[in-house]
Structure formats: C-alpha cells, structure tokens
Amino acid sequence: MAAAGAEEGSLRELRLEVRSFLEAQRRAGAFVPAVDGWQSGIDPEFSRALGGRGLVGMTVPVEYGGHGRTQAERYVVLEELLASGAPVAAHWVADRQMAPAILKHGTPAQRERLLPGIAAGERLFAIGMSEPDAGSDLASIRTRARREGGGWRLRGTKVWTSGAHRATNALVLARTADSETRHAGLSQFVVDLPHPDIHVKPLHTIDGGSHFNEVVLDDAWIPEAALLGQEGAGWAQVTAELAYERSGPERLLTTMPLLRAWDAARRREATSLGPRDAIGPVVSRVIALREMSRAVAEVIQDGGDPAVAAAMVKDSGTLFEQHLVDEVRRAVDAELDPDAAGLTGLLAQAVLRAPAFTLRGGANEVLRSIIVKGLR
Amino acid sequence: MAAAGAEEGSLRELRLEVRSFLEAQRRAGAFVPAVDGWQSGIDPEFSRALGGRGLVGMTVPVEYGGHGRTQAERYVVLEELLASGAPVAAHWVADRQMAPAILKHGTPAQRERLLPGIAAGERLFAIGMSEPDAGSDLASIRTRARREGGGWRLRGTKVWTSGAHRATNALVLARTADSETRHAGLSQFVVDLPHPDIHVKPLHTIDGGSHFNEVVLDDAWIPEAALLGQEGAGWAQVTAELAYERSGPERLLTTMPLLRAWDAARRREATSLGPRDAIGPVVSRVIALREMSRAVAEVIQDGGDPAVAAAMVKDSGTLFEQHLVDEVRRAVDAELDPDAAGLTGLLAQAVLRAPAFTLRGGANEVLRSIIVKGLR
Amino acid sequence: MSDHLLEIEDLVLDVVSRSDSGQAGPAQPSAVGEHGLDASSWKVLCDLGLVSLALPESLGGSGGGLREAAAVVRAGALLPMPLADAAMLAAPLLAAGSLPWPGGVVTATIAGVELDVRVEGEHLCLSGPLRRVPWLRDSDHVVVSVAGEAGTGGLVAVLASPASDDLEQGRNLAGEPRDTWHLEAVRATAWAPAPDLGPDEVRRLAGLARASQIAGAASAVLSRTLDYTRERIQFGRPLAALQAVQQRTALVAGEVTRARVVTDAAAAALDAEDSRAALLCAVAACEASSSVREVAAAGHQLHGAMGWTTEYPLGRATTRLWSWRDEYGDETAWAQVVAETVAAGPDVWTVITGSDEPEQEGRAT
Amino acid sequence: MSDHLLEIEDLVLDVVSRSDSGQAGPAQPSAVGEHGLDASSWKVLCDLGLVSLALPESLGGSGGGLREAAAVVRAGALLPMPLADAAMLAAPLLAAGSLPWPGGVVTATIAGVELDVRVEGEHLCLSGPLRRVPWLRDSDHVVVSVAGEAGTGGLVAVLASPASDDLEQGRNLAGEPRDTWHLEAVRATAWAPAPDLGPDEVRRLAGLARASQIAGAASAVLSRTLDYTRERIQFGRPLAALQAVQQRTALVAGEVTRARVVTDAAAAALDAEDSRAALLCAVAACEASSSVREVAAAGHQLHGAMGWTTEYPLGRATTRLWSWRDEYGDETAWAQVVAETVAAGPDVWTVITGSDEPEQEGRAT
C-alpha cells in the first residue's frame, strides 16, 4: 500500500475540479442530491454530460474513446460523484464492470462497437444474472442459450435486473451446455436492447422506485457476435467481475450525501458538540473503510487478486452505510416524511433503501463465506 | 402473565428485609461486592448464614428442612443476592437445580439425606457434565459407570466443573449403557466428596480465579444409592434441569453490582445527565429483560415447559450482562486496574469475567438453535 | 400471556385473516403509496367491542382495560386504520374526560402549543394547526388532548373531522395518512376537562400505543420470515436449515418477545395504577422502538431482494416499523426519560425493582 | 502492505517464534499474574535495529520511520516488553530532541501536570509522580515527555530507571507492569527541548503505539481462532465447518484488517508529514480500540471455555487488548477528537478526503 494521506497535487486538483462541477450542476438544478444515486438515480442526460467531460470510461484506452487515465484518478472521480448524491446509475455499471470485461474478454470488434459508447456515458448496461429460483446460488441458473441460425437463441427469466427498462444493453449469463459440475457450461452474452423478444417488467420496491426488473427472454435470437469471451467460461468471467463490482467506493459511500446533509444542518443550527458527539465514530469509521477500499483498489491496479479483500470491504462498508443511516436518524428529532425536502426527506429515502445495500452484489452472509475461506 | 408492576406488600417487605440484611453484612465487612458472585464467590460461611436466615432452599418443603415458600418469594431473594454482589456460589447450584432435581427424581432416602443440608446452605454441589472432548455436545460424553459390588464404579474425566475443589457433592452424568442413539444410556449420580479416587485439579482462568476444575474419576466406587432418578434417563433429566439453570435472574443480573457502583459514582460526582445519558438504554433494557425473566418464572411455577423462553432469556440476558460492562467502561475514563478498589476494580473484574457469561449453561449459539427450533 | 388476552388476540386475528388489507393481504401497489382505510374490518372490530375496550361501558365503551386494548393493537397492527390511536389514546382520553365514544372511525392526536383553545360559553373553540394526525382524512372524529398550564391536567376535545379539501395530506414511510388540519375557530362536538391527565401521561399513552403496534408488526415480520425461510430452497436446502439463518432468526425472536412482554407489562401497570406504570411505559416505548432496527434489518436480509419489493408483504410491516419507532419519540428520547427517572430515584436498583428503600442511605461500593 | 514491511514483520515473527514468551509461547501461570520481561528477545530485536527504527542513525537509531516501527510493534505485540513504548514513543521523542538512544531496555511515558520540572544549570531536575509507566521495573531508561506551557513544544528527558524498591508496582489486566515512580529531585541523564512536539502530537504517538499493538494482538486472536476452530471437532465436524462460526470469524477478520490498514496509514502519514496525519492517528486509535470488543468477544466465544483458562494462550492476547484499548484514551475519547476535527473543518466530506475547498462556501442540501 502506498503511503496513505493527502492526495498528490494532480489528484487533488482533479477532485476539486469535479467537486466544483458537481456543485455547479446541483445549484443549476441539474440534480437533487440523493442517497444511492449510483443504483437508483438513472439520468441519461446527466451521464452524457459526465461523459462529455471525460469522467466516464476514464481508464479505457484512448483508441476506444476512453481517456487512458489511472485507477487512482478514476477512484477520486467516483468518490466525488457518490458523495454529491448525483444521479449516475445510467452509466455506473457499464463503467464499472462492462468496460473492463469487454477490454479483457471482448473481440476487437466488440471493443470498437461498445467501448466508445460506454466512455461517452451513453450505454446503460443491465446485468442479467439472478433468476427467480437462484437467489445467491448463481450456479443454479436455468436460462439457456442454444445455437441457431449462426447465432443463439435465449430462453429464460432474469430478476433483480437493475435498469433494464431503460437499458441499451444487457449482459446475460446463460447455460450453453449441460455439465456435471454446475459451474461449467455457462456463457456470457452482450445483448442489444430493446429487443422484440425480450420483455421487461418493472419490480416495484418499497422505496417507491422501480429500479429493478424482471426480464423474460422469450426465445430471443442474438447474433454469434454477442458471445462475450469464451463459450463455457462464463462462471470464471463472472467471478472475476464480482471483485470489481464489490471493491468500489460505492460499497461504503452510498449514504454519504446523508452524512453531508446532517453535517450541513449541524453547522446551520450550530448544534453543540457534546462530550460524545455521534458524528465522531461515524467519520472515524468511514475514513478507516476508505483506507481499506483504497488498499483494494491498489491491489487491482497492481494486478493482484482482490477477491477476499473486496468481499471484506463490501461486507464492512455496506454495514457502515446502514449504520450511518441509523446514527443520523437517532440524532435527528423528526418523524420521517418521504415527501419532505432536505435532511428529513433524505433520511426517509435512506431508511427505505438501506435494506438493499447488504443484499446486492452478493448478500453479506455469502461474502463472509468467501472471506473465511480465503483466510490464510 | 400476571399484571407486572410493583410488588405486593409481602414480597416488597421480603425484598427490603433481605436488602437491609445484605447491606448490614456488607457494612460489617462480611463481603465486598463483586460481579459474578453466584459463580465466582465461594464463601461457605456466608452461605450458612443465609441458610440460617431461611434464604436458601426456600421452596423446599418444610419436612425436608426447607421453608415451603413460593417461587415468587425465592425470585425476589435471588435478585437481591445478585444485585448486592454477595458471595453466594457455595450454595447457588445446590439451591437452583439440585433441590428441584432431588425433589423430582430422588428417592425418599436421598431427599432426607441431601435436602436439609442444601436448605441449610451447607452443601456445595459441583456439576460434572462437560468433558474434555465434548464441549457443548453433551451426548458425546465418555465417562462410564459400571455396576460393581452392589454399587457403581465411575471412570472418566470432567471439565469446567465449578467449585469441585470445595464441593461436598458432585452430580455426575455418566454412560451406563451403550446405545445406538447417543442420548440414551446416560444416568446421573450424586457423589459425596471428597472421595479417595476422585481427583480434583483446579483450572486457572484469566480473571485470576480458579472456580473451575478438572475432575478425574479414577475407578471411583459409589454405592447403589448414588443413582439419581432412573437408570438410562439421564439425558431427559439433564435437559429438564437446564431450563431451571437457564431461566433464573442470574442470567441477567451478573453485572448488576457494576451498574450500582456506576450509579453511586455518578451520584457522588453529580455527573450531569447530558442529552443522551448512557444509563438510560441500559436501565431500560434490564427492566425489560427482568419482565421476560419473571414471565418465564411464572411458566415454571405454573408447570409449563419453559425451555424455549428460558433459552431466550439467557441469550438476551447474558448479552446484556456483557453489554453493560462495555457501556460502563466507555462512560468511565480510567485505565482498568485489577488491583483497584471500587468502580475501577469492579470494572476490571467484570471485563475479565464477562467472556464466561455467554458460554456457561450452554453457549449462546446453542441456545439460539433451541429457540429457533421451538418457534411456532 | 394469560388466556383471556390470547382469546382477544384470536378474535382480532380472525378479522385480520378475513380482511384484504391485513397481515396476510395480497400485493399492494406501493408501500409508500396510498392506502384506503379498511372500513369493513373497522366496523367488525367496533361491533365486537374491541376498539373501545379502554372506555367504561357507561360511556359506550366495552369496559376492559389498556392491557386488553394493547392485545387488540398488537394483533391488528397491520390493519390500515387508526386502531392504536382509537383504542389506546382516544379511549383513555375520553375516559379521563368522562366523554362518550363518538362512534364511526375515531382517531386521536396531541395538540401542540400552536393550537389556540378558548372557552366560549358552553362551547370550546379551537384555532391553529393539528399536525400529522393519523388517518384524519378517513376519520369521522378526532379526539384531541390539550395540555393545561404548567403541567397540570388539560382537557379533552372531540372534533368532527373536516372535509378532505380542508386537509393538507401527508403520509409516513408506510403510506399511512398523517394529515395536517389548520383549524379556524372550529367548535368541539364535545369536550371536558381532564384534570388527572397531564401532558406526560398523555404522551406515555401515545408512546405505548406505538410500542404495542411495533410489537405486533415485529411479530408479523418474524412469522413471515419463518415461513419464507422454511419454504425457500437455496443451495438445495431450505434457508431455515442454514445455521446463519437460524442464529439471526433466534435473535429476532428475542427482540419480538421482549417488545411483546414489555408492552403487556406497561399496559397492565397502567390498568393497575401501579407506581411503576410511568417507568414501564417509557421502557416499553424505548425497547419497542429499539427492537425495530434488528427486526426489520434481519427480516429484509433473510428475505433477500424479494422482501424489498411491494409485491411481497414484508415491506408493509417494515415500513410501518420504521415510521412508528420515531412517532411520539424514538428510543433515544424514551431512554432519556428512563435516565431521568433513575436520577430522580434514590438509587438505580431501587428504581429497577420499584421498591422504596426503608431509609434513604447512600450506597457506596 | 508493501514488501519491505512484510520483510520486517517476518524478522520479528522469527524472533517471536523462537521466544518462550511470545505469541506461540507455552502456558503462563496466570494471565493477570506477574510476567518477566523477555530480555533475550529484546536484545535480539535491538541488535537487528528493530527497536530504534524511528530514530536517525546519527543518534544511534536505525533510521527507518514510524511505518516500519508500527510493523515491528504489530508483529511483536505479544512479546512481554515495552516494545511499542520504545519503538513508537521513546524513539520519536528522542528524535524530536535530537537525543541519542540510551541503550538497554527503554520505556517511555508522558508526564502529568503533577510532575515538577526545573532546569538547574545544565541539569534538569524532576520531582513528583510518573504514573503507571509501562515495564518501568524492568527498564534501564525511561524517556519522559514533558509538556510546555500553553500547548507549545515541551521537552524530552531521559531518566535512569530507579531501583525496584522505589517503585509502586502496578499492573494492567494482562499483568503487564504499570509502575508508579515518585521522583524526588531526580536528575535526567539527558534532556533537550522538543519545540516541534506539542502535547497533542505526543499523545497521538502514544495512541498510535497502542493502536499498533492492538492491531497485532487482534491479528493473533484471529490466527488462534482459525487454528482452534479448524482443529476442534464437535458434533462430528470441525467447528470451522459450522456456518455460525464462519460468519463470526469473517467479521473478526474485517475488524483485524481495518485495524491493520488504518494503523499503517496513520504511521505512513506521520512519516510523510502529511496534513492528514493528526486525523489519521485519531482514527487509528479510535478504530483499533473499538475493534477490541468484537475481536476479543468472538475469540472467547469461538474458543469456548478453553480460551478462558490461562493454560491456553488466547487470554494472553485478549487481556492485553482489553487493557490497551483504554490506555492513552479509549475509542470514545479518540472519536471525540475526530468530531472536533470535523467541526473545525469546512465540511465533513472535505475533512474525510483531506482536501481543501477552493472557496469556503456553505453546502446546503
């Protein structure tokens, strides 16, 4: 791990530049800060604006429309996006896991076709992984892809597919061969949306949103070029992607806009510190978790295997995200009103969304199994 | 459950009488309040004094030297003993589980021989249940009793046998027959101590004490009359006893002397309340747990099966006992000194003893299995 | 729990099971959306005398106590109606003023200092806001508690609910109506002084009402979670066979039991006019509110993503729990009441046991 | 963790494995009883230059930094000796005063306000108590930090340790010596002003020293627990095969990793004279202290009764954890330092990221 501490000049400049931009956008009414903006805040226009400023696909090579910047630079930008509560869900998944997956497993044609749009913030990827009877047990998926007419035909049902109703693409995990070992015979496909035989039904959630979908693949035909990576290697590819998915700053900063709003309210009201100010332990914890997350980011940058460390960051980080909500709630004397503006409304939103934090990207109990198996 | 609230006159009088007695004893130097006095505080003289006042074997019938009082009266006395931090370990186990077990399973001769001494506070019973390789898995015990010379010969090793080094008796669970089902073929024996072929070796614990022992039964002969209850029914008898063992007020009041000392220090120092006084949640929780414990006591009084509720009280109660220690520690600004008097010393003692609270009488994880299996 | 309480709970559970809206109801469009009041279940409960248990028969009540009322509220916690507000706040308020049960759908609220109250001849005239009144848009009457001067007993007023147009509609996290009504010289349909009921007593009743609802909804979360984890197969076994699931479920059961026992104890103490009643109410409110975090979190965690959708009725219980724990004071506020009670007593153990020391001697250890 | 830190840890672990007293040592008579200092391991560590890493070579140190010293302290946390006090407090204090390493067994302490210090010609003369000095009875020298007036830099004094008879022996929960010395006009063997080192800085060093020890001992608890649960058979399977055991072990691993990462980050920031160093030290102390509760509780719970005996070395680690978390401030005290840092900054996110706002504009949401 490099010496942790204040950022070097260039990183700090980047951070402050992004922060000013976001602050200006907020003041201009381009967005209202929300918790969980990376999952719940789909705003294609905002994502395109970020793409236009070079803040999406930052580590993608320039030849594919990216910006060839470092993971450290990307990390700084992600943090500022999360902490501002900006609506970044329209490009988040594409930027986080599709770009590296396509760079790693994609054909030159796939790279040329998909990466520039991702870097422009114009591609919204939905991930079709979970199924109605699979839950955390991904190896038991039943969606099938069979060869037909120089391509594939997909049949099955996916659930908890975030953003599918507005997606330009879906990444679908399907069984391409029967196998003795349940992890074999799976493959990944990049599917263009909308598609006449792919039906997207929204799932309404208790926060009043419908970020999730049920996606029915009704014998949908896709061309051969949709296969991502090696036929039958889907499980290994998914597993590698999960480490990216779990290690990012969004696994601890989802509720940071709430902490900032609380902090702002305290300053406005000049709340006295008291001998056991509740903000102290919260800030201490997030600083510590941030150091853990940055350590994992460095492992990734150096090409190491971050699976266990990433699971640990996500387990601790998402528990912290929920804990923060409860601390703010107990510090603020108000009935939670989902229609209120400002801190109370943000708090209501956070309470309703918090259950998802420790479920998505692998339930925390599953993460802990990964952790304990990886110890020594 | 009967209407909960203030006690009726007679119970309150009994409570205040016992409280005054204990306060006078403490002032006279008969004891120094300690946490965990019911397990760690062996003082035969003090137990005899309590027996002399009719405060031991309270619910034992008068014909066996007891006092024929109600469970509610006994409960009040136990609470005051625990909250005072008095050394009551010399008679606690005999009073709690041996008296009811002997009343239920004992022969008339056993009752006459053992109960009067128990009620006088003069019998210290050690419970020989756990074994080196058994842990929480009691069915796997290997101590054997084989018939010989009109009695039995015991061979095996028991561990975590509280108070055995000073005990007048031990209750030994031993295998009397091989069996397909591991729970069958076990029997209980009441053994008089000391015994030439029973060797007691103290186990030193990190709190500086040696309350526990390893007990080696080296082909120790005991008479036929030592068998308690039915041959082969040991498992059922033990299981029934465990509900008594788990449901008492000692599963939530072990650290009450610490709360009282903290309270006293706060009053002396006139500690300001503050808007989030840490004593509030602690007192709220103990009052709630007390109501739960009293509800279980009533189930027992009414002859119901309290196994699940008792497990629940012990799980919640012992976690509270530990939680209380941590709350006091964080409220008190002091390095813990095991040699200090007063609050700091009591706190040091509590920190060192707390790990045992959630292990003895069935590890809490085991209790939770019992709870969840008994739901609906 | 004694037999007659269990009988009362069974009566209510029977109503719940026959309603479309209760615990076992079907999908709802959105947990934070609109819900209509279940008028038919309300009527059945009223006809059974279960809503006005805490009011004497002479006043049109059914002459039970708060303990019975709390049992009703626990069992009917998820019914969309102001059951707790009527049974555990309106009824004892009316009883304190010797006012009769007004009939229809009844809700209750505690007036804030902004409400101006004046006596004009025989009439009581009210002006100012009543904020976030539960189910006001669906109610026929609202029973209002008005504090007296300097902590003395205040008065109780019954108002006929206004037309919906006069309301500022609001809601809580569960979509339950919390409507604000700006009164302009509204006359009470009935009113009376309630000299024995100070503002602390009223707040205590309200806190216990919410605590009883929480105990009931928490119990529903436990039941659903048991059902779900026993039915749901993952990795080839029911979820309930997984030890991690068992451990967490057992912890939830402990929380649920504690909330139930302590709300029952507090209500019983109020009925008995026990000296510990005030403290036990604060404890009930504190413990019930503080149970919500683990109960709701575990319920959602054990249900997986399924439980987060409005198609599955878990959210109907958890969104209510998250709202109720803060209404009329959260666990922190009630814990502070407990702390103040400790400070006012001779020592902590005396406060816990509700016993008085024979003499007031300082305890040193 | 970079490679050279791992090499340093390996060096220390090699010493530990060859000592009778370190992490893998045999039974001890009582965890709260007396322990002798492990003089031979101390000598080996000194000869390897591992104790005085944070002191320049010109002053007899080995010229590393606090980051390397923290790695030594973590790896050697359970060795019975004032390793942390020497490596992470005495060495930087001496460096601040440009004083040479005094040799022998070195410990360190922060003087309280009761200590009277006066300069007499070239000499520094000290009177009053030094309280609960770690391992004083076994040390040759104690390095004392004395605060200056009103938060300015103070001075550093080196004292030759007194005869045992002059000490008031004390101990912590682990039986580690914490001795009080009432000085009567004792002359320092060396001393110097330390203008750059205010009392907050010194306390921060001491807090980070304990935090690093905690990180090391917590890691030892995790290792032992993994070993024990993998070896111990119950109900026919290793404990480690039980899901409840796995879940809790994973939580411990999270606590241990957080403590290690954050102590490393804080030490690195101090070495780099980074503007965030003060905050990171407070965070390290807060997080390490707050990790103790779960690490020690889980270690004991997963070991069962065995772990509570002095025959099994778990208690050697946990009793230290329970003592160290309170020494030089517990998690509550350090969290308050963090809260004050937040209050002093422009806004919380700027404080967290250690960035300055381009302009000081209030943030409203």
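Throughout, a chain's letter reflects where its sequence line sits, starting with A, and its residues are numbered from 1.
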* Under a 4.5 Å heavy-atom cut-off, does chain C meet the side chain of A:N364, its backbone, both or neither? -> both

* Got a donor-acceptor contact below 3.5 angstrom from the C:Q301 side chain to the A:T358 backbone? -> yes

* Structure fact -> Interatomic distance, CD@A:E214 vs CD@C:E311, rounded to 0.5 Å, equals 7.5 Å

* Walk me through it: do A:D207 and C:W308 pass the test side chain to side chain contact (heavy atoms under 4.5 Å, CB included)? => CA-CA 8 Å; A:D207 64 335; C:W308 201 46; 4.0 Å; yes

* Asked: How long is the span from the CZ atom in A:R330 to the OG atom in C:S290, to the nearest 0.5 Å?
  -> 9.0 Å

* Asked: Is there a donor-acceptor pair under 3.5 Å between the side chain of C:T310 and the backbone N or O of A:T205?
  -> no

* Selection from C:R325, C:E327, C:E331 maximising heavy-atom pairs under 4.5 Å formed with chain A -> C:R325

* Asked: Checking A:R329 against chain C: side chain, backbone, both or neither under 4.5 Å from a heavy atom?
  -> both

* In this structure, are over 12 heavy atoms from other groups packed under 6.0 Å from C:R230 atom CZ? -> yes

* With a 4.5 angstrom heavy-atom cut-off, could you sort out which part of A:A334 is near chain C: side chain, backbone, both or neither? => backbone

* To do: Tell me, for A:R360 versus chain C, whether the close heavy atoms (under 4.5 Å) come from the side chain, the backbone, both or neither.
  => neither

* **Worked verdict on C:R293 versus A:Q322 for side chain to side chain contact (heavy atoms under 4.5 Å, CB included)** => CA-CA 10 Å; C:R293 193 169 64 115; A:Q322 292 176 338; over 6 Å; no

* Asked: If you measure from CG on A:D339 to CD on C:Q169, what distance do you get to the nearest 0.5 Å?
  -> 10.5 Å

* Asked: What part of C:A305 gets closer than 4.5 Å to chain A, counting heavy atoms only: side chain, backbone, both or neither?
  -> both

* Structure fact -> Distance col, row C:D326:CG vs A:E335:CD, nearest 0.5 angstrom, shows 7.5 Å

* Structure fact -> In this structure, CD1 of C:I233 is separated from OG of A:S140 (nearest 0.5 Å) by 11.5 Å

* Over all atoms of both residues, closest heavy-atom pair of C:R132 and A:L336 -> NH2-O, 3.9 Å

* Would you say C:N172 and A:D337 make side-chain contact, with heavy atoms under 4.5 Å? -> no

* Taking C-beta and beyond as the side chain, do A:I206 and C:H300 meet within less than 4.5 Å on heavy atoms? -> yes

